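Please find one structure pasted underneath; my questions will follow.
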Amino acid sequence: MAVTGDETETGSASDLTACQQHIPSSSLPQGVAGATSAHGSKKSAEDATQKRELRLMKNREAARECRRKKKEYVKCLENRVAVLENQNKTLIEELRALKDIYRHKVE
DNA sequence: TAGTCACAGCGTCACTTATG
DNA sequence: CATAAGTGACGCTGTGACTA
């Protein structure tokens, strides 16, 4: 495919990111040139296919990015689960110790 | 070693949501 | 409201682990 530079920024601040710092992702590799072949009949068809290819390419990138973010988000949640489980364990221990102390006092 | 299964990653389509 | 960006769902492909 012959496509050249005309880049679009993907500067969206989406959510999912209640979790972690974001890594800036790669910019789009290619774009579409203004292929101005002067013959009008063909031109609109060419334009259409070019438009479509550009759309597919952008969507491909978007899908990749989307999956990347989702994966990162899941990893982040898993980390959080681990941390909370640890905290929970610690608190249970603490509670047990306090109960013990109390029991001895009462006796 | 060939066949099978589960899994991950990808591209595309269709739909939703954000933005100018 | 038109267009761009984001995302869920589907089908396809490659890969590693397992089994007969």
Side-chain angles (χ1 to χ4, degrees):
Chain A
M1 42 173 180
V3 273
T4 57
D6 154 19
E7 47 212 49
T8 318
E9 295 278 298
T10 342
S12 52
S14 74
D15 298 324
L16 279 190
T17 326
C19 231
Q20 232 175 349
Q21 78 277 25
H22 45 290
I23 306 111
S25 62
S26 60
S27 52
L28 294 175
Q30 302 128 342
V32 169
T36 28
S37 48
H39 297 83
S41 59
K42 268 190 177 180
K43 199 196 163 196
S44 65
E46 278 176 16
D47 275 2
T49 39
Q50 257 185 354
K51 216 172 173 183
R52 174 180 156 78
E53 275 178 8
L54 180 62
R55 188 167 50 78
L56 288 180
M57 195 184 74
K58 281 186 176 178
N59 190 243
R60 208 177 299 141
E61 284 291 319
R64 254 186 239 139
E65 179 65 9
C66 184
R67 286 171 183 136
R68 205 205 95 242
K69 276 186 188 167
K70 188 172 182 179
K71 219 171 151 187
E72 193 176 276
Y73 176 65
V74 167
K75 208 186 288 175
C76 190
L77 286 182
E78 286 170 349
N79 281 345
R80 197 162 151 68
V81 166
V83 167
L84 290 175
E85 277 176 350
N86 274 342
Q87 280 184 5
N88 199 34
K89 228 184 263 175
T90 307
L91 288 172
I92 287 172
E93 282 299 314
E94 199 178 324
L95 179 62
R96 187 174 299 146
L98 288 173
K99 276 181 174 173
D100 239 38
I101 291 172
Y102 178 73
R103 195 180 311 129
H104 286 122
K105 262 192 174 175
V106 172
E107 286 170 359

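These figures come from a predicted structure and were not determined experimentally. Just so we're on the same page: letters track the sequence lines, and every chain starts at 1.
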Query - Short side-chain N/O contact from A/K58 to OP1 or OP2 of C/dA5, under 4.0 Å - result: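 A/K58 to C/dA5 OP1/OP2: side-chain N or O found under 4.0 Å.
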Query - Overall bend - the helix from B/dT1-C/dA20 to B/dG20-C/dC1, comparing terminal axes fitted on five pairs, nearest 10 degrees - result: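 Answer for the end axes of this duplex: 10°.
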Requested in this report: Quick one: list whatever passes salt bridge (Lys or Arg N to Asp or Glu O under 4.0 Å) with A/R52, sequence neighbours left out.
Outcome: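 A/R52 satisfies salt bridge (Lys or Arg N to Asp or Glu O under 4.0 Å) with no other residue.
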**Report entry** Atom pair CG/CG of A/L91 and A/L84 - distance to nearest 0.5 Å
**Finding:**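 That separation rounds to 10.5 Å.
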Requested in this report: Run the salt-bridge test on A/R68 and A/E65 with the 4.0 Å N-O cut-off and return the result as yes or no.
Outcome: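 A/E65 and A/R68: salt-bridged.
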Report task. Could you list all the side chain to side chain donor-acceptor pair (under 3.5 Å) pairs where at least one residue sits in residues 82-95 of chain A, not counting sequence neighbours? Result ->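 As it turns out, the side chain to side chain donor-acceptor pair (under 3.5 Å) pairs with a partner in residues 82-95 of chain A, which skip direct neighbours, are A/E93-A/R96.
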Query raised in the report: When we call it a touch if two heavy atoms are under 4.0 Å apart, what does A/R64 touch: a base, just sugar-phosphate, or nothing?
Result: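 Since only primed, P, OP1 and OP2 atoms lie under 4.0 Å of A/R64, the category is sugar-phosphate.
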Report task. At the 4.0 Å heavy-atom cut-off to chain A, mark where contacts on DNA chain B begin and end, going 5' to 3'. Result ->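 Reading along DNA chain B, I get B/dG9 to B/dA14.
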Query raised in the report: Taking only residues two or more places apart in sequence, or in another chain, which ones meet A/R64 in a side-chain contact (heavy atoms from CB on, under 4.5 Å)?
Result: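 A/R64 satisfies side-chain contact (heavy atoms from CB on, under 4.5 Å) with A/R60, A/E61 only.
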Report task. For A/R55 and C/dT3, give me the distance from atom CZ to atom C1', rounded to whole Å. Result ->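 So the two atoms are 12 Å apart, to the nearest Å.
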Query raised in the report: Once you round it to whole Å, what is the distance between P of C/dT7 and CD of A/E61?
Result: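 About 15 Å, once rounded to whole Å.
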Query - Rounded distance in Å - CZ (A/R60) to P (C/dC10) - result: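 That distance rounds to 22 Å.
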